[in-house]
Amino acid sequence: MILVDAKLSNETKIKSLKKYHIISYGCQMNFADSEIVASILENIGYDYTDDIEKSSLILLNTCSIREKAEQTIRKKLSSINFLKKKNSSLKIGVLGCMAERLKEKFLHEEKIVDLVVGPDAYRDLPNLLKEIEFGNDAVNVLLSKDETYADINPQRFNSNGISAFVSITRGCDNMCTFCVVPFTRGRERSRDPKSILNEINKLKENGYKEITLLGQNVDSYLWYGGGLKKDFKKANNIQKRTAINFAKLLDLVAKCYPDFRIRFTTSNPQDMDIEVLTTMQTHSNICNHIHLPVQSGSNKILKAMNRQHTREEYLNLISNIKKILPNCGISHDIITGFPNETEKDHIDTLSLMELVRYDFGFMFKYSERPGTLAARKMKDNITEKVKQRRLSEIIDLQFQHSYKNLSNYKNKLTEILIEKESKKSTKFWCGRNEQNIMVVIPKENYLPGDFVEVLVENNTSTTLIGFAKKKIK
Ligand code: SAH
Ligand code: F3S
């Protein structure tokens, strides 16, 4: 059913009574995908609402990366059960990785779910929604070799209007033995650079100031006219000669949008090459920050994880980063308690951290994921107690490094892009510097979207506190 919005009736803006709400979990890719889904829904007459109780369609964009993530989503499903009891026409759908992993099993395991859609099947949502209106089950979890949603302009329903994600690749071919992503997001494919530039152009028109190029493994980006990364071998000579790798894409984006701040994530040490570092060095609008997951400092564990680099190669890359980009912020992901990890392996991880001295990181206990090689071939044999102790040691060490690194900013100037109000006080703005460190300043007369030079006065292990000296642009 449709009605004409009273205020806008002379513009004959038609408003839909169908309201939807999306909750996203997990990685930034899921948040970016939710914006694609929003665009597809708005095209067929749905309107976003913040108020879950007013929606006729609730979507959960799910994450499978660790067991805990899946438990959180199941808890959320039980907590919204009462809404379905109140409103029998309410439809509930699950999207993303958990949808892909569990497929139609989801419908049986969680009775309130009406709709299950995998990450490559969002274009089918209009048909699937029709099916559920007729009372049928609707499941589409087909993975694709070429879907990149290149032509869909994301509906930035949850944005601060300053900073946006732009996805450049989908899927992952790496098959790290602990990781469920290759199973839930399929093979790796890159997006047409023209469509990437188009999307950034629209962001520029809408006043955005910063983009983050997104992919499971951005350094492996390769455009040669479409198709899977693994099929590049079969490309013809012209395709090979004109192919665009990640460094070239970065260069292109940085040149076309000199006023934009450019970030990217995630880098995989095996694919990050010197060309990317020199491109970062050439362009001052590419932020000096590299998120470079290491997972473990032990060669034995890296091998068992099927990471395609050694500890020495990783440290060599770090030393190149520090040489070429002396001011570069570096962060990590580490997993502790992988099968057969000994105390010595754990100490190798701590010693690698001592050598790198990361600014921040994301640290996890190993969580066995069904279907992965590690789950099939290796016993999850590190006790919860040992995992917890090792994790605490890693977190404590990271805390010390973060605190020390951040205190080096004291009494120095750093440039930030103001993004939003600080969570702790309405009198302060917060924004990140190019090293991706959060900085808090008094609001004064500055506004979100301003680039300001900040004098840092104080710090915690995660935040710099200071005041703006002047607006740069
Ligand atoms: N390349 C990806 C990595 C995705 S997963 C990216 O874009 O970030 C993010 C992090 O989750 C990984 O780097 C790893 O540290 C962690 N992780 C993945 N699988 C895990 C598992 N089974 N148990 C614990 N942590 C895991
Ligand atoms: Fe997962 Fe390794 Fe890819 S961590 S996303 S399989 S690079």
Side-chain angles (χ1 to χ4, degrees), residues 25-33 62-72 96-98 100-101 119 143 165-189 212-221 229-230 246 263-272 289-297 301-309 314 330-339 341 349 352-353 358 360-380 382 384 387-388 390-391 394-395 398 436:
Y25 296 87
C27 64
Q28 288 131 326
M29 194 60 111
N30 256 9
F31 285 76
D33 277 1
T62 61
C63 171
S64 282
I65 202 81
R66 283 167 289 276
E67 198 185 346
K68 223 165 123 200
E70 292 203 354
Q71 284 164 355
T72 308
C97 289
M98 211 175 157
E100 190 64 49
R101 197 177 83 68
L143 285 172
F165 296 120
V166 175
S167 69
I168 62 164
T169 68
R170 293 183 76 80
C172 184
D173 284 350
N174 283 332
M175 300 305 272
C176 301
T177 56
F178 53 82
C179 184
V180 77
V181 169
F183 301 93
T184 58
R185 289 189 159 266
R187 305 310 301 258
E188 183 181 314
R189 61 222 103 114
T212 304
L213 303 175
L214 261 194
Q216 300 300 336
N217 180 3
V218 284
D219 298 83
S220 142
Y221 176 89
K229 165 91 187 241
K230 74 174 178 61
F246 182 57
R263 299 183 181 278
F264 56 87
T265 197
T266 301
S267 294
N268 191 310
Q270 75 186 59
D271 294 305
M272 173 157 239
H289 169 240
I290 300 176
H291 184 63
L292 199 63
V294 65
Q295 316 302 359
S296 168
I301 298 294
L302 287 171
K303 189 146 189 256
M305 288 175 161
N306 193 32
R307 300 288 287 182
Q308 303 295 316
H309 60 83
Y314 183 90
I330 306 175
S331 53
H332 68 82
D333 291 346
I334 286 176
I335 298 177
T336 189
F338 188 76
E341 185 189 67
T349 298
L352 180 131
M353 292 173 72
Y358 297 99
F360 63 94
F362 302 103
M363 297 151 278
F364 311 102
K365 283 185 275 188
Y366 170 67
S367 164
E368 186 177 86
R369 304 316 294 132
T372 57
L373 195 92
R376 284 183 280 126
K377 301 269 179 220
M378 301 169 214
K379 204 158 176 284
D380 184 7
I382 309 300
E384 184 54 30
K387 281 184 187 171
Q388 187 54 56
R390 289 182 185 164
L391 181 67
I394 290 170
I395 292 176
Q398 185 52 55
N436 212 23

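Whatever order the structure lists ligands and atoms in, that order sets their numbers, starting from 1.
- Checked by atom type, the side-chain pair N174/Q270 shows a donor-acceptor distance below 3.5 Å.
- Ring geometry for Y366 versus F338: interplanar angle over 60°, hence perpendicular rather than tilted (30 to 60°).
- Within the protein, the N, O or S atoms lying under 2.8 Å from atom 2 (Fe) of ligand 2 are C176 SG.
- Between Q398 and M353, the closest side-chain pair of non-hydrogen atoms falls below 4.5 Å.
- Here T336 pairs with E341 under the side-chain hydrogen bond (donor to acceptor under 3.5 Å, both in side chains) rule; sequence neighbours left out.
- By the 4.5 Å heavy-atom criterion applied to side chains, E384 and K365 are counted as neighbours.
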Tabulate distances under 3.5 Å between N/O atoms of ligand 1 and N/O atoms of the protein, writing both atom names on each line.
unit_1   : atom_1 : unit_2 : atom_2 : d
ligand 1 : 1 (N)  : Q216   : O      : 2.5
ligand 1 : 7 (O)  : Q216   : O      : 3.4
ligand 1 : 7 (O)  : Q216   : OE1    : 3.3
ligand 1 : 7 (O)  : T266   : OG1    : 2.9
ligand 1 : 8 (O)  : T266   : OG1    : 2.9
ligand 1 : 11 (O) : R66    : NH1    : 3.2
ligand 1 : 13 (O) : Q295   : NE2    : 2.8
ligand 1 : 13 (O) : D333   : OD2    : 2.6
ligand 1 : 15 (O) : Q295   : OE1    : 2.7
ligand 1 : 17 (N) : R66    : NH1    : 3.4
ligand 1 : 22 (N) : F178   : O      : 3.0
ligand 1 : 22 (N) : S367   : O      : 2.8
ligand 1 : 23 (N) : S367   : N      : 3.0
ligand 1 : 25 (N) : R66    : NH1    : 3.2

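- No side-chain N or O of N268 forms a donor-acceptor pair with one of H309 less than 3.5 Å apart.
- Using a 3.5 Å distance cut-off with no hydrogens or angles, the side chains of Q308 and N306 do pair a donor with an acceptor.
- Between the side chains of Q28 and T212, not a single donor N or O lies within less than 3.5 Å of an accepting N or O.
- Remark: T265 engages no residue in a side-chain hydrogen bond (donor to acceptor under 3.5 Å, both in side chains) (not counting sequence neighbours).
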